Amino acid sequence: MNFWLVKQEPEDYSWNTFVKERGAAWTGVRNFQARKNLRGMKKGDLVLFYHSGSGAEVVGIARVAREAYPDPTATEGDWSCVNLLPVKGLNRPVTLGVIKADQALKEIPLIRNSRLSVMPLTPAQLNRVFELGETNL
DNA sequence: GCCAACGTTGGC
DNA sequence: GCCAACGTTGGC
């Protein structure tokens, strides 16, 4: 199994909306590196849900429900999306400040490449966020 | 609201 | 293929 993190501005599409709607097609990604990561997702992979902008923090855990397929919102170009399902919210959201201060997370792409919207995580990074979020599956 | 970092575009 | 200009993202 692989692990990922996706970013979303809460004003645009929040974790609460995602939970209420019981999942979403993760459309609108228009960046080649992010697309490559989307296409690497396998059904069942765990995906951390991160709120960017106001209140930057990891808020929840999702799972890949459907692997990459053509993004129906793309009017031109070769873009992909996946379907994600909510698993559970973190008992304690993990803020960017905490992530930045954590030695075990200093290599996380969230910090190293702050503009990437879909990124891979190592098992150690995922476990550390679970630990900081006081959450288990 | 500002600004740094990064990606994309287009002229050459 | 290089690089300047521009647009966007996202942290603060």
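FYI, side chains are in, hydrogens and waters are out, and symmetry mates aren't considered; it's all heavy atoms of this structure. Just so you know, these numbers come straight off a predicted model, no measurement behind them. In what follows, chains carry the letters A, B, and so on, assigned in the order in which the sequence lines appear, proteins first and then strands, with residues in each chain numbered from 1.
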Got a sec, which pairs hit ring-ring contact (aromatic ring centres under 6.0 Å, His included) with one end in residues 75-101 of chain A, sequence neighbours left out?
Phe32(A)-Trp79(A)
Heavy atoms under 4.0 Å, any strand shown: does Leu96(A) hit a base, just sugar-phosphate, or nothing?
sugar-phosphate
Tell me the bend of the helix from dG1(B)-dC12(C) to dC12(B)-dG1(C) as the angle between end helix axes, each from five pairs, rounded to the nearest 10 degrees.
10°
If you measure from the Lys or Arg side-chain nitrogens to the Asp or Glu carboxylate oxygens, is any gap between Glu67(A) and Lys43(A) under 4.0 Å?
no
Row check, Tyr69(A) ring normal vs Arg66(A) NZ/CZ: under 6.0 Å, within 45°:
yes
Which label fits Trp15(A) and Phe18(A): parallel for a plane angle under 30°, tilted from 30 to 60°, or perpendicular past 60°?
tilted
Going 5' to 3' along DNA chain C, between which two nucleotides do contacts with chain A fall, using a heavy-atom cut-off of 4.0 Å?
dG7(C) to dC12(C)
Would you name the heavy atoms of Asn31(A) and Gln33(A) that are closest together and state the gap between them?
OD1-N, 3.0 Å
Residue pair Asp71(A) / Thr73(A), side-chain donor-acceptor N/O under 3.5 Å
yes
Assess, by modelled atom type and distance only, whether the side chains of Ser54(A) and Glu11(A) contain a donor and an acceptor separated by less than 3.5 Å.
yes
List the atom of Lys88(A), the atom of Asn136(A), and the distance in Å for their closest heavy-atom pair.
NZ-O, 2.7 Å
